[in-house]
Amino acid sequence: MRLFTPEAMREADRKAVERGYPSLLLMEWAGMKAARVYLELFGKAPALVLAGKGNNGGDGLVLARHLLLEGVGVRVYAAGGQTGDALLALQALLAHGVEVGPLEEASFREGEVVVDALFGTGLKGPLTDFYAELVERVNRAGLPVLALDLPSGLPFSPHVRATATVAFAALKTPHLLQREACGKLYLAEIGLPKPLLEREDLPEVASPEALRPLLPKRPLTAHKGSVGRVGVLGGYKGEGLRYAGAPLLAALGAYRMGAGLVHLVAPEGTPLEPLEAVFHPVPSPTLPPLKAEALAVGMGGGPWGRAWALKALEARLPTVLDADALHPEVAEAYRKAGVPAVLTPHAGEAGRLLGASPEEVAKDPLTAARALAERTGLAVVLKGNPTVVAEGERLSVNPTGNPALATGGTGDVLSGAIAALLAAGLRPFDAARLGVYLHGLAGDLLAEEKGVGLLAREVAEALPRARRLLQEGRVSPAFFPR
Ligand SMILES: NC(=O)C1=CN([C@@H]2O[C@H](COP(=O)(O)OP(=O)(O)OC[C@H]3O[C@@H](n4cnc5c(N)ncnc54)[C@H](O)[C@@H]3O)[C@@H](O)[C@H]2O)[C@@H](O)CC1
Ligand SMILES: Nc1ncnc2c1ncn2[C@@H]1O[C@H](COP(=O)(O)OP(=O)(O)O)[C@@H](O)[C@H]1O
Ligand SMILES: [K+]
């Protein structure tokens, strides 16, 4: 699944028509699928449909007809001047005897659900005047809003803040970069010929279909030495500072992602947890002899992080470099040595590596992740919402995960989880995108059950469940909770 720009989506629509596919069918499917989501979310609550004059409005007019046929009360207000498919959609609705009022007269009523079909991918520039005001009125009305394709006004401001959004044919950049405005996100297939959606030049949206085949196999004859052993190097003792928990959480992340054995290399005095680990207490950042296939370095390493990362290089094992191991000279040393590595910075750490502010990184994570991958020659996991994975020319945007993960130690769990996948033999880019996806999914499962207030160790504990859902094909490719 690819992440489309609005322009790339319009191009795909155009190519479908060039191939002879009737565009009216696309619109009919779009409106019908959106009506299904409406019924699922809001049942028979009456709808207030606000339709623009373009094809997005046309989708709204189709939806109104389908809701009417399902016995849902609809009030429809539309801009004047429809042409083409949108005009046909209007005529079909009028033929059912529905009154369509002018958009200027739209009013909001308690108990209604607003269907936002004002603008989709055809918007050029920010809304002004009447439409800016209308969007503000929609937001102020306090009613649930179902946005068709995109919340109107995106990617600019002002824009509609939707309760849910039905994206047609493919996710577009604002769906993942301006997720806040979209609410619950649904992806509806509308019959666009598949080859038009296969655009290798666009970033990937990490999807269950693409990731499932990457899951490491666990043969009947597996033993703890055959499924991947991880060395975790982290923690720091000195100057009254103790970062004891971080490496333990990385160890948990590795075990919960299926590692056969985890070696925990940490400062003397670090608690001997988890019990399942093999402990190597060290007085300074050293690399004891380890039987391992991958390493995770830097979690809670303070001033030890950099030294540890450079020592770890001697093992020439695929390595996750996190937190205190994230320094330009460390990345450069791994690149030079040709040792495969995954960098896992958040926006602040990425900013430090790029010489940019955290705000600049967070504003355009796709560009920042690509720039960092290019500069370091390594795989990069730029953490946030969304998390972006980059390596060379490849970009993968992760749709799982939610703000309940914004709590200390969840990043450490992720480092260990990615290291376990490296140890199982996955290439850095694959270990990174699979690890990030399952970590986010674990967070989604927990947020659904418990809401906010998670502990990082619970995220580790939920990893096997996330993995099993993916393995069994039970993750919906068309629904993205937050
Ligand atoms: N074959 C297709 O093209 C399909 C398109 N579909 C829908 O069509 C949408 C795209 O349709 P359109 O290309 O007609 O575009 P939209 O319906 O998103 O908007 C186009 C209209 O907005 C006006 N406009 C643009 N920028 C504006 C601004 N800043 N202020 C005020 N008015 C502005 C344009 O003049 C035009 O009238 C998609 O998002 C999707 O919902 C679906 O029906 C599926 C098939
Ligand atoms: N708002 C959010 N939405 C989705 N994921 C989030 C959000 N906030 C944090 N996360 C995830 O939680 C993890 C936090 O990692 P990090 O910042 O390194 O924390 P720590 O250093 O405490 O372990 C990352 O995987 C990040 O993507
Ligand atoms: K819309």
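Just so you know, ligand 1 is whichever comes first in the structure, and atom 1 is the first atom listed for that ligand.
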Below 4.0 Å from any atom of ligand 1, is there a heavy atom belonging to [X]?
X    : value
P126 : yes
G125 : yes
L148 : no

**Study point:** Contact partition for K53 relative to ligand 1, non-hydrogen atoms under 4.0 Å
**Key:**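 Side chain only.
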
Atom [atom1] of [X] and atom [atom2] of [Y]: how far apart are they, to the nearest 0.5 Å?
X    : Y    : atom1 : atom2 : answer
N139 : R161 : CG    : CZ    : 4.0 Å
L382 : L395 : CG    : CG    : 10.5 Å
S207 : N398 : OG    : CG    : 10.5 Å
L176 : L171 : CG    : CG    : 5.5 Å

May I ask you to identify the nearest protein heavy atom to [atom], giving residue, atom name and distance to one decimal place in Å?
atom                    : value
atom 43 (O) of ligand 1 : D59 OD1, 2.4 Å
atom 26 (N) of ligand 1 : K124 N, 2.8 Å
atom 10 (C) of ligand 1 : T121 OG1, 3.3 Å

Check your understanding: If we ignore angles and hydrogens, is there a donor and acceptor under 3.5 Å between the side chains of D116 and S152?
Key ->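 Yes, because at least one side-chain N or O of D116 sits under 3.5 Å from a partner of the opposite role on S152.
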
**Study point:** Donor-acceptor pair, side chain of R75 and main chain of S107, under 3.5 angstrom
**Key:**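 At least one qualifying donor-acceptor pair exists.
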
Practice item. Using modelled atom types only, decide if a donor and an acceptor are shared between the side chain of D412 and the backbone of L248 within a distance under 3.5 Å. Key: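 No, D412 side chain to L248 backbone: no donor-acceptor pair under 3.5 Å.
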
Do [X] and [Y] touch side chain to side chain, with heavy atoms closer than 4.5 Å?
X    : Y    : value
T173 : P155 : no
M299 : L249 : no
L187 : F480 : yes

For [X], atoms of ligand 1 separated by under 4.0 Å from a heavy atom:
X    : result
D13  : 1 (N), 2 (C), 3 (O), 4 (C), 5 (C)
D149 : 38 (C), 39 (O), 40 (C), 41 (O)
I190 : 44 (C)
L26  : 1 (N), 44 (C), 45 (C)
G120 : 16 (P), 18 (O), 39 (O)
G54  : 14 (O), 17 (O)

Check your understanding: Just wondering, are more than 12 heavy atoms of other shown residues or ligands nearer than 6.0 Å to CZ in R10?
Key ->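 Counting other residues, nucleotides and ligands, CZ of R10 exceeds 12 neighbours.
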
**Study point:** Residues, nucleotides or ligands: over 12 heavy atoms within 6.0 Å of R467 CZ
**Key:**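 Result for CZ/R467: enclosed.
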
Taking [atom] as the point of reference, which of [options] owns the nearest heavy atom?
atom                    : options              : value
atom 28 (C) of ligand 1 : L123, D85, N55       : L123
atom 13 (O) of ligand 1 : G84, A79, G122       : G122
atom 9 (C) of ligand 1  : V62, L127, L150, N56 : N56
atom 19 (O) of ligand 1 : F156, F119, F168     : F119

Practice item. Please report the C-alpha distance between K363 and E359 in whole Å, then the side-chain angles of each, then the deciding distance to 0.1 Å, and finally whether the salt bridge (charged side-chain N to carboxylate O under 4.0 Å, His left out) criterion is met. Key: CA-CA 6 Å; K363 208 168 150 211; E359 293 75 25; over 6 Å; no

Where does ligand 2 get N/O contacts under 3.5 Å from the protein, atom by atom?
from	atom 1	to	atom 2	distance (Å)
ligand 2	3 (N)	N385	ND2	3.1
ligand 2	3 (N)	N402	O	3.4
ligand 2	12 (O)	L405	O	3.3
ligand 2	12 (O)	T410	OG1	3.2
ligand 2	15 (O)	G411	N	3.4
ligand 2	18 (O)	K383	NZ	2.6
ligand 2	22 (O)	G409	N	2.7
ligand 2	23 (O)	G409	N	3.3
ligand 2	23 (O)	T410	N	3.4
ligand 2	23 (O)	G411	N	2.7
ligand 2	23 (O)	D412	N	3.1
ligand 2	27 (O)	G384	N	3.3
ligand 2	27 (O)	T387	OG1	3.2

Check your understanding: Which ring-ring contact (aromatic ring centres under 6.0 Å, His included) pairs, counting each pair once, include a residue from residues 3-36, with sequence neighbours left out?
Key ->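 Every candidate ring-ring contact (aromatic ring centres under 6.0 Å, His included) pair involving residues 3-36 fails, so no pair, neighbours aside, qualifies.
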
Check your understanding: For atom 45 (C) of ligand 1, is some protein heavy-atom partner under 4.0 Å away?
Key ->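 So far as the 4.0 Å threshold goes, atom 45 (C) of ligand 1 is in reach of a protein heavy atom.
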
Practice item. Sorted by first residue and then second, give each side-chain hydrogen bond (donor to acceptor under 3.5 Å, both in side chains) pair with at least one member in residues 445-456; sequence neighbours left out. Key: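 Every pair satisfying side-chain hydrogen bond (donor to acceptor under 3.5 Å, both in side chains) with a residue in residues 445-456: E449-R465, K450-E458.
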
Check your understanding: Could you go step by step and tell me if R65 and E28 meet the salt bridge (charged side-chain N to carboxylate O under 4.0 Å, His left out) rule?
Key -> CA-CA 10 Å; R65 174 161 42 85; E28 186 65 22; 2.9 Å; yes

Check your understanding: According to the interplanar angle, ranging from 0 to 90°, do the rings of Y186 and F479 count as parallel (below 30°), tilted (30 to 60°) or perpendicular (above 60°)?
Key ->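 It falls in the tilted class, 30° to 60°.
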
Point to revise | Single hit among T5, D149, T121 for side-chain hydrogen bond (donor to acceptor under 3.5 Å, both in side chains) with K172 | key: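 So, applying the side-chain hydrogen bond (donor to acceptor under 3.5 Å, both in side chains) to K172 and each of T5, D149, T121, only D149 qualifies.
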
Point to revise | 3.4 Å shell around the K ion (ligand 3), exclusive bound, protein N/O/S atoms | key: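 Step by step: take the K ion (ligand 3), keep protein N, O, S below 3.4 Å, and you get 6.
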
